[in-house]
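All chains are named by letter (A, B, ...) in the order of the sequence lines, taking the proteins before the strands, and each is independently numbered beginning at 1.
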Amino acid sequence: MTPIVLENISKAYGGVGVLERISLTLPSGPTCLMGPSGIGKTTLAYIVAGLTAPDSGTMTGRENKKISLVFQEDRLLEWESALSNVLFVTPNAKKYAEKAKSLLTQAGLANSMHKKAAELSGGMKRRVALCRALIANYDLLILDEPFKGLDEETKPGIIQMVQQHALSTGDKILLCITHDPGEADALGGQRIHL
Amino acid sequence: MVPVALFWLLVWEGIAAAVGAGIIIASPRAAFARLFALAQTGNFWLSIGGSMHRIMLGFFLALAIGIILAVGCVASKLIYRLIHPAVNVINAIPLASFVVVAIFYFRHSLATFVAFIMVMPIIFHNTYKGIRATDPALLEMARVFRVSHGKRTRYIYVKTVAPFLLSAASVGIGIAWKSGISAEMIGIARGTIGGGLHAARMNLLTADVFAWTIAIVALSYAIDKLFALIFVRERERP
C-alpha cells in the first residue's frame with residue numbers, strides 16, 4: 001500500500017493557526033496521533049480524510065484510497081437500530097448482515113443490536129460507530145478517539161477487535177487519534193506527537 | 001368529547017330559538033333532520049363522491065408537485081431562483097382572484113385546480129425547510145462511506161423531512177377541502193357538495209345549508225383522522 005505523505009501542511013481558522021507546516025508519513029499499519037486537546041489532531045485527520053482542505057502544503061498517496069472513519073462524534077442514525085446503522089455503509093444489507101451481527105456481538109452488543117441508536121448509552125453508541133467503520137470497505141481507517149467513553153473492562157476487547165479487523169492483513173493504513181499512551185501501546189506502530 | 005358537543009348543540013339551539021326564524025338560523029333538530037333526509041337520496045352521496053375525488057386529486061397533485069419542486073430547488077440554485085419567488089407569489093394571491101380567472105378554464109375541475117393552488121405552496125415550503133434541516137454531519141458521514149444517493153434519501157432525508165411534510169399535509173388537507181368546496185360553490189358545479197350548498201342557499205333552504213355544512217365538517221374530520229391514522233402507522237413501521 002502506497003504510504004500517504006503530508007508535507008508542510010498548514011491550516012488556520014479565523015486567522016488563528018491550528019496546524020503549522022506539519023509533515024508526516026502514514027505507512028501501512030497503525031499510526032497513533034497524540035497531543036493535548038485543541039492542538040489540531042482532528043483537523044489533521046480530516047485533512048487526511050479529504051474532509052477539510054489545508055491552507056497550504058501537499059498530500060500525496062491518498063488518491064483512490066477508500067476511507068473509513070470513526071468521527072469524534074458518533075454520527076449515528078438515531079432512529080435506526082444498531083444493526084441498521086452498521087449495515088448503512090455496506091453496499092448490500094443482506095450480504096453483510098451476518099458480518100455486521102458478528103462485529104456487534106464481538107463488540108458486546110449482541111443483545112442491543114436491534115435497539116434504536118437513540119436508546120443506547122454513550123459507550124454503546126461508540127462501539128456501533130466503530131463496528132460501522134470496520135465493516136466498510138477501506139484502505140485507510142481513521143479513528144478519532146475511538147475508545148472514548150468505554151470502560152476499562154470493555155476497552156481491551158474493542159482494541160483487539162480493531163487489531164483483528166483492521167491490522168491483520170497488514171495492507172491497510174490506520175490513523176488513530178488518542179490521548180491515552182496505553183491505547184497507543186496496545187495498537188502499536190508509529191506515534192506522532194503534535 | 002360528547003359533553004362538549006352537547007354543550008355547543010345547546011348553544012346552537014338557544015341561538016336558533018332566540019332568533020326564532022328558521023330561514024336565518026336553522027335549529028340543530030331541523031338541520032339534522034334535513035341531513036338525514038338528504039342522506040336517503042342518491043344525489044347526496046354522488047355529490048360527496050364528486051367533491052371528494054376532485055378535491056383529493058388536487059391535494060395529491062399538490063403533494064407530488066410541491067415535493068418535486070422543493071427537491072429541485074435544493075438541487076439547483078437556478079431552479080430555486082425561478083421557482084421560489086413564483087410559489088411565494090401564488091401564496092400571496094387571494095383565492096377569489098384565482099377563481100374568477102380559473103372558472104373560465106377549469107369549469108368542471110375548478111375544485112381540483114383551487115385545492116392544488118392553495119395546498120402546493122404549503123407542501124413546497126415545508127418540504128424545502130425539511131430538506132434544509134437535514135443534519136450536515138450525517139450527510140458528510142454518508143459521503144465518507146460512499147453511501148448511494150438512494151440510501152441517503154431513504155435513511156436520512158426522508159426521516160428528516162417526514163415531520164415537516166406530515167404537518168404540512170395535515171394542514172393542507174383541511175385547506176384543500178374548504179377551498180375546494182368554496183370553488184364548487186362559486187363555480188356552481190353540479191353534482192358536488194359546493195353545488196348542493198349553492199342550490200340550498202339560492203332556494204333559501206337554510207336547514208339544507210346547515211345540513212350540507214354538517215356533512216362537510218364530518219367529512220373533513222373523517223379525512224383528517226384517516227390521514228393521521230395512515231401516516232402514524234407509516235411512521236411507526238420498523
Side-chain angles (χ1 to χ4, degrees), chain A residues 42 45-53 62 64-94 96 100 113-119 125 128-144 175, chain B residues 63 66-67 70-71 74-77 123 125-172 227-238:
Chain A
T42 296
Y46 282 18
I47 286 172
V48 173
L51 298 175
T52 303
R62 204 186 63 85
N64 303 321
K65 281 193 173 67
K66 296 189 191 84
I67 294 166
S68 185
L69 177 53
V70 170
F71 293 88
Q72 200 169 45
E73 330 80 58
D74 301 313
R75 300 200 189 185
L76 297 180
L77 309 173
E78 295 285 321
W79 48 85
E80 294 291 334
S81 69
L83 180 61
S84 177
N85 266 284
V86 175
L87 289 170
F88 178 67
V89 301
T90 65
N92 186 327
K94 273 187 188 167
Y96 284 84
M113 63 175 76
H114 296 293
K115 281 188 185 164
K116 285 188 176 167
E119 297 167 14
K125 284 182 183 178
V128 174
L130 195 55
C131 291
R132 180 180 65 189
L134 291 176
I135 204 169
N137 178 22
Y138 58 86
D139 305 305
L140 165 64
L141 174 64
I142 298 172
L143 307 175
D144 194 349
L175 175 62
Chain B
L63 198 63
I67 292 170
V71 171
V74 173
S76 154
K77 276 188 180 167
I123 301 290
H125 282 301
N126 274 269
T127 308
Y128 182 79
K129 247 192 255 176
I131 299 173
R132 283 279 174 227
T134 307
D135 185 354
L138 288 182
L139 294 175
E140 187 178 62
M141 178 273 290
R143 205 170 60 244
V144 166
F145 286 108
R146 304 165 298 283
V147 174
S148 68
H149 286 285
K151 225 169 168 183
R152 287 182 215 185
T153 302
R154 186 179 157 199
Y155 285 89
I156 301 177
Y157 283 115
V158 169
K159 285 287 176 181
T160 312
V161 173
F164 288 84
L165 191 57
L166 282 181
S167 80
S170 179
V171 171
F227 189 81
L229 196 74
I230 292 167
F231 280 95
V232 165
R233 267 195 196 168
E234 191 64 28
R235 286 178 83 177
E236 284 173 355
R237 262 171 58 171

Subject >> Beyond-backbone contact of B/Leu139 with B/Asp135, side-chain heavy atoms, under 4.5 angstrom >> reply: no
Original post:
Which region of A/Ser81, side chain (C-beta onward) or backbone (N, CA, C, O), has a non-hydrogen atom less than 4.5 Å from a non-hydrogen atom of chain B, or is it both or neither?
Top reply: neither
**OP:** Hey, could you give me the CH2/CG distance between A/Trp79 and A/Asn85, rounded to the nearest 0.5 Å?
**Re:** 9.0 Å
Original post:
Side chain, backbone, both or neither: which part of B/Val144 has a heavy atom under 4.5 Å from chain A?
Top reply: both
**OP:** Give a yes or no on whether a salt bridge exists between A/Lys125 and A/Glu73, defined as a side-chain N under 4.0 angstrom from a carboxylate O.
**Re:** no
Subject >> Value rounded to 0.5 Å, distance of OH in B/Tyr157 from NE2 in B/His149 >> reply: 8.5 Å
Subject >> Contact origin within A/Ala49 toward chain B - heavy atom pairs under 4.5 Å >> reply: neither
